[in-house]
Amino acid sequence: MSEDYESELPEQIAFRMAKREKLNELSDAYPVALPITHTIEAVKAHYPNLEADITTGDQVALAGRIMFLRNTGKLCFATLQSGTGERIQAMLSLDKVGEEQLELWKELVDLGDHVFVAGEIITSKRGELSVLASEWKMAAKTLRPMPNLHNELEEEFRVRHRYIDLIVRDRAREVVKIRSEVMQSLRSTFANQAYTEIETPMLQVMHGGASARPFKTHSNAFDTELYLRIAPELFLKRAVVGGLERVFEINRNFRNEGADRTHSPEFAMLEAYEAYGDYNSMMVLTQQLIQNAAMDVLGTHQVVLEDGEINDLGGQWDRISLFGSLSAAVGEEVTSETPIANLKKIADKVEIEIDHPLHGKYVEELWEHFVKPTLSKPTFVMDFPVDTSPLTRDHRSQKGVVEKWDLYVRGFEQATGYSELVDPVVQRERFTKQAELAAKGDPEAMRLDEEFLKALEFGMPPSGGMGMGIDRLLMSLTGLGIRETILFPLVK
RNA sequence: GGGCCUCUAGCUCAGUCGGUAGAGCAACGGACUUUUAAUCCGUGGGUCGUCGGUUCGAUCCCGACGGGGCCUACCA
């Protein structure tokens with residue numbers, strides 16, 4: 001380490017560096033192993049309510065991070081915290097550790113340090129469960145000062161230093177745990193229905209499965225452009241062609257588009273496909289996945305959100321038709337046959353501008369303006385325009401409409417499901433139309449994927465499919481913004 | 001992409017109608033054997049996001065750039 005580096009250090013780091021040096025001279029600032037006998041959690045659980053000023057005679061050895069330090073002349077107090085946030089008090093007294101060890105403690109131990117203490121379980125005069133140390137050791141010296149524990153950290157600081165956020169904020173740890181348990185719940189719902197979890201490529205020669213702009217990268221080995229996937233759909237369908245009749249994948253998608261409170265450039269996506277299912281069976285599955293997750297993780301379908309509001313996920317969720325609900329909202333019949341000119345008139349009346357060649361885009365924009373804001377309860381919105389859903393089967397009884405639903409929860413799209421298009425000839429036609437859009441400059445239009453079409457030509461059974469944003473599921477269950485549901489969201 | 005706001009000590013924030021800055025916690029020195037954000041006395045710590053411009057003088061006014069936020073348009 002150069003002297004330049006040290007001389008430029010903020011004073012608090014320089015002091016801690018010196019303490020680290022001294023610890024290493026005396027023994028070790030970062031010992032490889034410590035004779036720990038108990039976790040803080042175990043000790044707390046074992047002595048739930050001792051009276052004040054008690055000695056137990058029980059010896060323990062434990063370690064934790066120092067969150068508070070209260071050093072007096074001959075008796076020092078420290079609050080040690082475990083990784084789960086559980087805390088216990090350590091006491092170091094002159095008569096138990098001796099003058100030398102007490103002085104070293106006061107000289108070398110800072111807030112944030114991991115320390116080891118061994119001693120007797122007691123309660124203090126004020127009743128605080130404590131380890132009265134007969135011995136202490138540095139477990140790991142911290143070089144940087146901890147933030148002020150009495151003010152909330154700024155949002156940006158929390159995101160950029162999530163490890164500190166996790167140390168000081170209970171809710172940060174809770175959200176990590178909730179997310180992990182939601183994942184387990186989803187997998188268990190799938191496992192109970194004989195689904196197989198698979199992983200499909202995230203680096204793709206051709207991106208597809210959604211309308212979105214991809215991230216591009218380059219492979220040296222293949223000397224070719226590659227894309228980070230925008231969706232796993234086309235590979236999961238290949239798996240269904242291959243006979244994996246119930247498959248799902250939970251993994252990251254990447255979309256080179258805007259970032260805001262509900263969008264992150266990389267986000268966790270769940271997709272599931274079920275041979276001989278359709279969009280009706282996928283609605284049942286999706287409702288089960290979410291309701292089970294709420295029940296397994298939070299113990300209720302009446303989820304309390306961050307702002308105190310209740311998100312009621314219970315019961316049978318509403319199912320409405322896209323064209324029907326739009327027609328009711330605008331007060332006139334809107335169908336897949338309604339001329340664009342008429343749609344434009346409706347749009348003009350409420351002063352929304354739509355500039356897109358697709359009829360379906362008009363319908364969806366109008367729906368989002370008139371109906372979407374009125375949805376508060378979880379609602380399946382069914383039967384979408386064909387020209388905006390190139391991978392979806394035509395409706396079994398309605399013309400110009402496909403068997404697709406979107407699930408809206410608290411006003412944003414939570415999941416989507418389809419009766420999958422499995423006719424390779426129709427799929428080729430749909431891709432061709434997408435290619436025309438791409439030629440006209442639509443950066444989100446899909447590509448014609450010959451390899452995928454070849455797979456379909458080998459016969460894909462009739463299937464239902466669904467996709468759900470995991471981060472958004474976490475948002476629905478907690479009321480947090482997407483950057484709070486992702487442990488380490490992308491920051492510049 | 002467009003509009004508005006913001007960046008000051010390790011952290012959270014004040015502040016200067018233009019004369020180079022403060023608080024609380026944290027840190028350093030001292031006192032203290034029952035503290036709970038311990039207390040008391042004392043001390044240090046800043047390229048005021050970066051680069052330019054205006055000015056005798058800029059942390060403050062102006063411009064550009066960078067980070068962040070909110071609103072707005074688009075994708076889940």
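Everything quoted here is computed from the prediction, not taken from an experiment. Just so it is clear: chains get the letters A, B, ... in the order the sequence lines come, proteins before strands, and each one is counted from 1.
- Residue-level contact check: A:Asn71 touches the bases, meaning some heavy atom is under 4.0 Å from a base atom.
- Using P as the reference atom, B:C4 and B:A9 are 27 Å apart when rounded to the nearest Å.
- Under 4.0 Å is where a charged nitrogen must lie from a carboxylate oxygen, and between A:Asp53 and A:Lys125 no such pair does.
- Put simply, A:His263 rests on the base of B:C75: the two rings are less than 5.5 Å apart at their centres and nearly parallel, under 30°.
- In this structure, A:Glu368 reaches neither bases nor backbone, as no heavy-atom distance under 4.0 Å exists between it and the strands shown.
- One P atom belongs to B:U47, the other to B:C11, and the distance between them is 12 Å to the nearest Å.
- Nucleic acid contact class of A:Leu153 (heavy atoms, under 4.0 Å, all strands): sugar-phosphate only.
- In the set B:U33, B:G10, B:C74, B:G10 carries the atom at the smallest distance from any side-chain atom of A:Pro145.
- Picking from B:U12, B:C75, B:A26 the nucleotide with the shortest atom distance to the side chain of A:Glu257 gives B:C75.
- Taking a 6.0 Å sphere around NZ of A:Lys44, one finds it holds more than 12 heavy atoms contributed by other residues, nucleotides or ligands.
- Among the atoms of the strands shown, only primed sugar atoms or phosphate atoms (P, OP1, OP2) are found under 4.0 Å from some heavy atom of A:Arg483.
- In this structure, the CZ atom of A:Phe254 is 16 Å from the C1' atom of B:C75, given to the nearest Å.
- Looking at the side chain of A:Lys361, the nearest of the listed nucleotides B:U12, B:G69, B:C74 is B:C74.
- Under the 3.5 Å distance criterion, the side-chain polar atoms of A:Ser264 are matched with a main-chain donor or acceptor of A:Glu266.
- In the interface, the side chain of A:Asp53 is not paired with the base of B:U34 through any donor and acceptor atom under 3.5 Å apart.
- Looking at heavy-atom distances under 4.0 Å, A:Asp95 makes contact with a base.
- Among the heavy atoms of the strands lying under 4.0 Å from A:Leu69 are primed sugar atoms or P, OP1, OP2 only; no base atom is included.
- Separating the P atom of B:A23 from that of B:G66 is a span of 36 Å, rounded to the nearest Å.
- Note on A:Gln414: nothing from the nucleic acid sits closer than 4.0 angstrom, heavy atoms only.
- With rounding to whole Å, A:Leu108 atom CG is found 14 Å from B:A27 atom P.
- Checked by atom type and distance alone, the side chain of A:Asn280 never pairs as donor or acceptor with a backbone atom of A:Met283 at under 3.5 Å.
- Residue-level contact check: A:Phe157 touches the backbone only, with heavy atoms under 4.0 Å from sugar-phosphate atoms and none from bases.
- Residue A:Glu128 is in base contact, counting any heavy-atom pair closer than 4.0 Å across all strands shown.
- Distances shown here put every side-chain N or O of A:Lys106 at or beyond 4.0 Å from the OP1 or OP2 atom of B:C32.
- For B:U36, the OP1/OP2 oxygens have no side-chain nitrogen or oxygen of A:Arg87 closer than 4.0 Å.
- Take the nearest nucleotide of RNA chain B for A:Ile482 and for A:Ser124: the residue whose nucleotide is more 5' is A:Ser124.
- Annotation: of the two residues near RNA chain B, A:His161 and A:Leu94, the 5′-most nearest-nucleotide partner is A:His161.
- Of all nucleotides listed (B:U36, B:C11, B:A37), B:C11 comes nearest to the side chain of A:Asn148.
- Looking at heavy-atom distances under 4.0 Å, A:Leu149 makes no contact with the nucleic acid at all.
- Using a 4.0 Å cut-off, some side-chain N or O of A:Arg160 falls inside it from OP1 or OP2 of B:G68.
- Among the nucleotides B:G24, B:U36, B:C32, the one closest to the side chain of A:Thr72 is B:C32.
- The partner of B:A9 is absent, by the rule that a Watson-Crick or G-U pair needs both atom distances under 3.5 Å.
- Rounded to the nearest Å, the gap between the C1' atom of B:A31 and that of B:U16 is 38 Å.
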query = Under the salt bridge (Lys or Arg N to Asp or Glu O under 4.0 Å) criterion, do A:Glu484 and A:Arg162 qualify, and how do the steps go?
reply = CA-CA 10 Å; A:Glu484 294 290 328; A:Arg162 186 68 85 193; 3.8 Å; yes
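- Between B:U34, B:A27, B:U33, one nucleotide has an atom nearer to the side chain of A:Phe15 than all others, and that is B:A27.
- Residue-level contact check: A:Met91 touches the bases, meaning some heavy atom is under 4.0 Å from a base atom.
- Considering only side-chain atoms of A:Arg255, the nucleotide from B:C25, B:C13, B:C75 that sits closest is B:C75.
- The separation of B:U20 from B:G15, taken at their C1' atoms, amounts to 14 Å, rounded to a whole angstrom.
- With respect to the salt-bridge test (charged N to carboxylate O, under 4.0 angstrom), the residues A:Glu103 and A:Lys106 qualify.
- In terms of phosphate contacts, A:Lys19 brings a side-chain nitrogen or oxygen within less than 4.0 Å of OP1 or OP2 of B:C28.
- Between the side chain of A:Asp387 and the backbone N or O of A:Gly360, at least one donor-acceptor pair lies under 3.5 Å.
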